[in-house]
Colleague: 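Handing you a structure now.
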Amino acid sequence: MSQISLTFPDGNSRDYDAGVTPAEVAASISNSLAKKAISATVSGNHWDMQWPINEDASISLHTMKDDAQALELIRHDFAHVMARAVQEIWPDVKVTIGPVIDNGWYYDFDREEPFTPEDLGQIEAKMKEIINKREPVTTEIWDRDRAVKFYEANNEPYKVELIEAIPGDEPLRMYWHGHWQDLCRGPHLQHTGQLPADAFKLMSVAGAYWRGDSDRAMLQRIYGVGFQNKEQLKKHLHMLEEAAKRDHRKLGREMDLFHMQEEAPGQIFWHPNGWTVYTELQDYMRRQQKRGGYVEVNTPQVVDRKLWEASGHWEKYQEHMFIVEVDEEHAREKSVNALKPMNCPCHVQIYNQGLKSYRDLPLRMAEFGSCNRYEPSGALHGIMRVRGFTQDDGHIFCREDQIESETAEFISFLSKIYKDLGFESFSVKFSDRPEMRAGSDEVWDKAETALLAATRAAGIEPELNPGEGAFYGPKLEFVLTDAIGRDWQCGTHQVDFVLPERLDANYIGEDGAKHRPVMLHRATLGSFERFIGILIESHAGKLPFWLAPRQVVVASIVSDADDYVQQVVDALTAKGIRAEADIRNEKINYKVREHSVGKVPVILACGMKEVEDGTVSMRRLGEKHSKVLPLDEVAAALAGEATPPDLA
RNA sequence: GCUGCUGUAGCUCAGAGGUAGAGCACUCCCUUGGUAAGGGAGAGGUCGAGAGUUCAAUUCUCUCCAGCAGCACCA
């Protein structure tokens with residue numbers, strides 16, 4: 001038998017017979033390592049303890065102390081054990097797939113009856129039973145025919161379909177967890193007893209389409225979370241509880257920012273506090289846009305379907321538009337209109353007024369564009385996904401050779417703004433051509449190449465998001481995450497060769513001939529609604545002082561200080577600070593508590609001592625102690641903090 | 001839109017086949033209190049909407065509406 005050489009992390013190497021498994025390698029080192037080992041990395045690949053190694057390689061053996069490998073294996077094995085538990089309890093349930101995700105795993109099942117929360121408890125108990133049996137995990141390679149026949153015999157149509165979708169004729173790997181088996185790429189743990197029976201929890205059941213296709217069967221998905229030990233599980237569950245406190249829907253109520261109600265689903269009633277945040281942010285954006293060389297415009301809300309047909313939106317998005325029909329009773333002719341679902345076609349209309357010269361390009365046109373989209377009911381989510389919203393929209397009409405510089409400029413424009421708003425880092429995704437699209441492949445090639453090159457030139461290597469582009473062009477998405485880690489697209493930058501063509505936009509070039517401009521669609525915040533939702537969650541309601549709707553509450557400790565409180569409020573207001581008096585007949589403790597819950601950043605308490613000395617007792621949100629300071633000093637300092645970052 | 005769950009006072013929630021309760025918030029009174037809830041009294045609800053079963057429905061059934069989680073969608 002031929003020999004191979006395995007190199008260990010410490011640089012030493014040893015010879016083994018070809019076909020040696022990591023389990024045998026571990027055993028050759030020590031008994032305890034053989035027991036503790038969970039998997040190996042062999043020449044960079046995560047390797048099952050049972051898989052043979054046939055050539056020279058580097059090898060490192062993993063134990064539960066190696067977080068990345070341990071968590072992957074634990075969660076993956078939990079998924080299998082859960083599926084086995086489900087089939088042991090309900091043998092008629094059909095299995096599908098069960099991947100590892102952040103913090104845990106899920107597994108999709110086909111079962112007539114829905115799983116209930118009580119079922120989850122039963123499944124957990126069965127899982128613990130399986131884990132405690134410490135049964136070996138074993139693997140075998142099968143050919144396709146055998147696997148297909150096996151699953152057909154076991155009445156597992158989803159597995160048959162999965163196998164048939166695997167290209168080529170490669171042999172398939174099967175895994176056994178005790179007597180239960182599943183088609184699986186692996187790797188897995190050595191035996192079920194390596195799973196921490198006290199470090200997992202089944203979280204929820206939800207529907208999910210088979211293969212992510214809404215035309216196919218709706219399966220039942222069970223989500224679980226799993227960790228190396230009980231403490232980490234506890235920590236995770238605690239983190240979820242804390243995250244729930246940052247939910248913008250909850251804080252929106254506590255801070256009296258906005259509300260929503262049945263009569264206007266997916267639309268927001270902004271209260272004075274929330275509207276203060278909104279307008280403060282809008283003022284900031286307006287200043288940024290001016291500096292960025294944009295001209296601001298405004299366009300109609302109700303627009304005849306003819307324009308949407310011309311732009312191509314009618315065909316693709318008709319179902320998702322609010323339709324406004326005007327009948328003969330109201331007008332001489334019947335017309336069908338749509339509430340503007342986006343601003344681009346309207347901006348082209350402005351562009352198309354008068355002849356444009358190449359000297360006019362790039363033309364950067366911005367609008368705080370109010371849009372309405374009839375979003376599917378299930379998509380609505382607080383103020384993050386709504387049916388009525390305002391984009392900080394903009395379209396840059398430019399020449400092809402300006403795409404790169406305009407993209408670079410936008411990325412730096414956006415980065416500066418995100419930084420000002422407290423987001424030092426964000427992820428960038430590049431989405432290319434979707435299946436249903438307008439424009440020829442040549443045009444798409446051109447647009448994708450240009451956008452990607454420009455992004456890389458700006459020093460960003462985006463994550464690829466295949467097939468997720470807009471119907472008229474590829475896009476960059478600037479993604480932020482909410483309190484519990486859900487991703488939300490905020491900023492976007494899209495290259496579009498299609499709309500200018502459809503809506504016949506052009507300019508006169510240096511050569512005196514007509515040319516087609518390129519349109520760059522871009523939004524920085526995305527929509528004020530979503531961005532404010534993210535802002536609230538990421539700051540846990542403690543907005544930066546300049547954005548805080550109520551910046552200072554001046555509270556009297558005794559009623560003899562009421563007049564002084566009013567003087568303090570006046571002094572702060574004169575400096576542009578949003579200050580209000582609280583001279584209610586309540587104890588200072590009560591006032592402090594109430595305004596802390598309301599996330600007011602600064603409370604200035606005034607008793608007779610402060611009245612006599614011309615001072616205030618300042619307490620900042622979250623701090624335990626207060627400081628007595630001269631009023632002038634406090635007013636000057638707070639005025640500085642109240643200045644937006646771009647004006648400071 | 002799909003699967004599942006939920007809908008009772010402004011908020012958080014309890015409740016039962018015989019037309020409802022708590023805490024906080026609100027109003028009034030007492031209290032002038034030094035940094036996260038002082039005390040008392042009062043007011044407040046077509047129990048999401050509609051239909052059905054029943055002597056009787058807020059409670060059971062169905063339909064619709066809205067919300068929550070996930071999926072699908074996201075110009």
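Below, chain A is the first sequence line, B the second, and so on; all start at residue 1.
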Colleague: What's the closest nucleotide to the A:Q489 side chain, out of B:C74, B:A66, B:A75?
Modeller: B:A75
Colleague: Using a cut-off of 4.0 Å on non-hydrogen atoms, how would the nucleic acid contact of A:M384 be classed: base, sugar-phosphate, or nothing?
Modeller: nothing
Colleague: Under 4.0 Å between a side-chain nitrogen and a carboxylate oxygen: does that hold for A:E529 and A:R387?
Modeller: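 No.
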Colleague: For B:C26 versus B:C11, give the span between their C1' atoms, rounded off to a whole number of Å.
Modeller: 12 Å
Colleague: What interatomic distance, in whole Å, is found between C1' of B:G4 and the corresponding atom of B:A72?
Modeller: 15 Å
Colleague: Is A:Y223 touching bases, backbone alone, or none of the nucleic acid, heavy atoms closer than 4.0 Å?
Modeller: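 Sugar-phosphate, no base atom in range.
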Colleague: Any side-chain N or O of A:R385 under 4.0 Å from OP1/OP2 of B:C73?
Modeller: no
Colleague: Just N and O in the side chain of A:K587: are any of them under 4.0 Å from OP1 or OP2 of B:G39?
Modeller: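 Answer is no, no contact under 4.0 Å.
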Colleague: In whole angstrom, give the distance that lies between atom CG of A:L380 and atom C1' of B:C2.
Modeller: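 Taking atom C1' of B:C2 as the reference, CG of A:L380 is at 14 Å.
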Colleague: Taking the C1' atom of each, how far is B:A9 from B:A51, in whole Å?
Modeller: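 These two C1' atoms come out 27 Å apart once rounded.
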Colleague: Would you tell me if any nitrogen or oxygen in the side chain of A:R387 comes within less than 4.0 Å of OP1 or OP2 on B:C74?
Modeller: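 So the side-chain polar atoms of A:R387 never come under 4.0 Å of the phosphate oxygens OP1 or OP2 of B:C74.
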Colleague: Would you say B:G34 has OP1 or OP2 under 4.0 Å from some side-chain N or O of A:K591?
Modeller: no
Colleague: Does a distance-only test, which skips hydrogens and angles, find a donor-acceptor pair under 3.5 Å between the side chain of A:Q261 and the base of B:G67?
Modeller: no
Colleague: Should A:I222 and A:S204 count as side-chain neighbours, where that means a heavy-atom distance under 4.5 Å?
Modeller: no
Colleague: Just compare B:A75, B:A72, B:A69 and give me whichever is closest to any side-chain atom of A:R373.
Modeller: B:A75
Colleague: Of the nucleotides B:G70, B:G1, B:A75, which has the atom closest to the A:Y209 side chain?
Modeller: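 Looking only at heavy atoms from C-beta outward on A:Y209, the closest nucleotide is B:G1.
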Colleague: Of all the choices, B:A66, B:G70, B:C73, which nucleotide is nearest to the side chain of A:A206 once you look at every atom?
Modeller: B:G70
Colleague: Which of these nucleotides, B:C71, B:A75, B:A36, is closest to any side-chain atom of A:M321?
Modeller: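 Given the options B:C71, B:A75, B:A36, the side chain of A:M321 is closest to B:A75.
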Colleague: Where the side chain of A:A208 is defined as all heavy atoms beyond and including C-beta, which of B:U32, B:G38, B:C71 is the nearest nucleotide?
Modeller: B:C71
Colleague: I want to verify a distance call: between B:G34, B:C73, B:C11, whose nearest atom is closest to the A:P376 side chain?
Modeller: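 Side chain of A:P376 sits closest to B:C73.
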Colleague: Tell me what A:P265 touches on the nucleic acid: a base, only sugar-phosphate, or nothing, going by heavy atoms under 4.0 Å.
Modeller: sugar-phosphate
Colleague: Using atom P in both nucleotides, what's the gap between B:A14 and B:U6 to the nearest angstrom?
Modeller: 11 Å
Colleague: Say we look at B:C29 and B:C68: how far apart would their P atoms be, to the nearest angstrom?
Modeller: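 Pairwise P distance, B:C29 against B:C68, rounds to 41 Å.
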Colleague: Any Lys/Arg nitrogen of A:R516 or A:D504 sitting under 4.0 Å from an Asp/Glu carboxylate oxygen of the other?
Modeller: yes
Colleague: Quick one: are the ring centres of A:F368 and A:F528 less than 6.0 Å apart?
Modeller: yes
Colleague: Does A:Y317 lie flat on the base of B:A75, that is, centres under 5.5 Å apart and planes under 30° off?
Modeller: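 Yes, aromatic ring over the base.
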Colleague: Kindly say whether the aromatic ring centers of A:H313 and A:F471 come within a distance under 6.0 Å.
Modeller: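 So the answer is yes for these two rings.
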Colleague: Within the structure shown, what part of the strands sits under 4.0 Å from A:G212 by heavy-atom distance: base, sugar-phosphate, or nothing?
Modeller: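 Sugar-phosphate, backbone atoms only, no base.
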Colleague: Looking at A:S377, I'd like to know whether one of its side-chain N or O atoms comes within less than 4.0 Å of OP1 or OP2 on B:G1.
Modeller: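 Checking B:G1 against A:S377, a side-chain N or O does come within under 4.0 Å of OP1 or OP2.
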Colleague: Quick one: which of B:C65, B:G70, B:U32 gets closest to the side chain of A:R221?
Modeller: B:G70
Colleague: Please determine, for the side chain of A:R253, which listed nucleotide (B:C71, B:U12, B:A72) has the closest atom?
Modeller: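 Taking heavy atoms from C-beta onward, the closest nucleotide is B:U12.
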Colleague: Would you tell me if any nitrogen or oxygen in the side chain of A:R249 comes within less than 4.0 Å of OP1 or OP2 on B:C68?
Modeller: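 Answer yes for this pair, as a side-chain N or O of A:R249 is under 4.0 Å from OP1 or OP2.
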Colleague: Counting the atoms with a prime plus P, OP1 and OP2 as sugar-phosphate, which does A:Y106 contact under 4.0 Å by heavy atoms, base, sugar-phosphate, or nothing?
Modeller: nothing
Colleague: When rounded to the nearest Å, what value does the distance between P atoms of B:U46 and B:G10 take?
Modeller: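 It works out to 8 Å between them.
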Colleague: Identify the nucleotide, in any strand shown, that forms a Watson-Crick or G-U wobble pair with B:C2, with both distances under 3.5 Å; if there is none, say none.
Modeller: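 Pairing partner, where one exists within any strand: B:G70.
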Colleague: Base, sugar-phosphate, or nothing for A:G598, non-hydrogen atoms under 4.0 angstrom?
Modeller: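 Nothing: the residue A:G598, judged by heavy atoms under 4.0 Å, touches no strand.
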Colleague: Does the B:A72 base have a donor-acceptor partner in the side chain of A:R216 within less than 3.5 Å?
Modeller: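 It does not, because no donor-acceptor pair links the side chain of A:R216 to the base of B:A72 below 3.5 Å.
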Colleague: Which part of the nucleic acid does A:K627 contact within heavy-atom distance under 4.0 Å: base, sugar-phosphate only, or nothing?
Modeller: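 The answer is nothing, as A:K627 stays clear of every strand by at least 4.0 Å.
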Colleague: Does OP1 or OP2 of B:A69 have a side-chain N or O of A:H381 closer than 4.0 Å?
Modeller: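 Looking at the OP1 and OP2 atoms of B:A69, one of them is under 4.0 Å from a side-chain N or O of A:H381.
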Colleague: Which label fits A:F531 and A:F423: parallel for a plane angle under 30°, tilted from 30 to 60°, or perpendicular past 60°?
Modeller: perpendicular
Colleague: Using whole Å, what does the distance between atom C1' of nucleotide B:A75 and atom CG of A:L499 come to?
Modeller: 9 Å
Colleague: Which nucleotide in the list B:A75, B:A36, B:G34 gets nearest to the side chain of A:H313?
Modeller: B:A75
Colleague: Contact class for A:R211 (heavy atom, under 4.0 Å): base, sugar-phosphate, or nothing?
Modeller: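 The residue A:R211 makes no contact with any strand.
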Colleague: Any base atoms under 4.0 Å from A:E610, or only sugar-phosphate, or nothing? Heavy atoms, all strands.
Modeller: base
Colleague: Look at all strands and tell whether A:A470 reaches a base, only sugar-phosphate, or nothing, counting heavy atoms closer than 4.0 Å.
Modeller: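 Here A:A470 touches the backbone only, sparing every base.
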Colleague: Which class fits the ring pair A:W90 and A:F115: parallel under 30°, tilted 30 to 60°, perpendicular over 60°?
Modeller: perpendicular
Colleague: Ring centres under 6.0 Å, that's the criterion: do A:W105 and A:H80 meet it?
Modeller: no
Colleague: Nearest whole Å is fine: how far is B:C2 C1' from A:E375 CD?
Modeller: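 My rounded result for the distance is 16 Å.
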Colleague: Does the B:G1 base have a donor-acceptor partner in the side chain of A:Y374 within less than 3.5 Å?
Modeller: no
Colleague: Below 6.0 angstrom between ring centroids: does that apply to A:F269 and A:H259?
Modeller: yes
Colleague: Can you check whether A:Y590 has a side-chain N or O nearer than 4.0 Å to OP1 or OP2 of B:A25?
Modeller: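 Yes.
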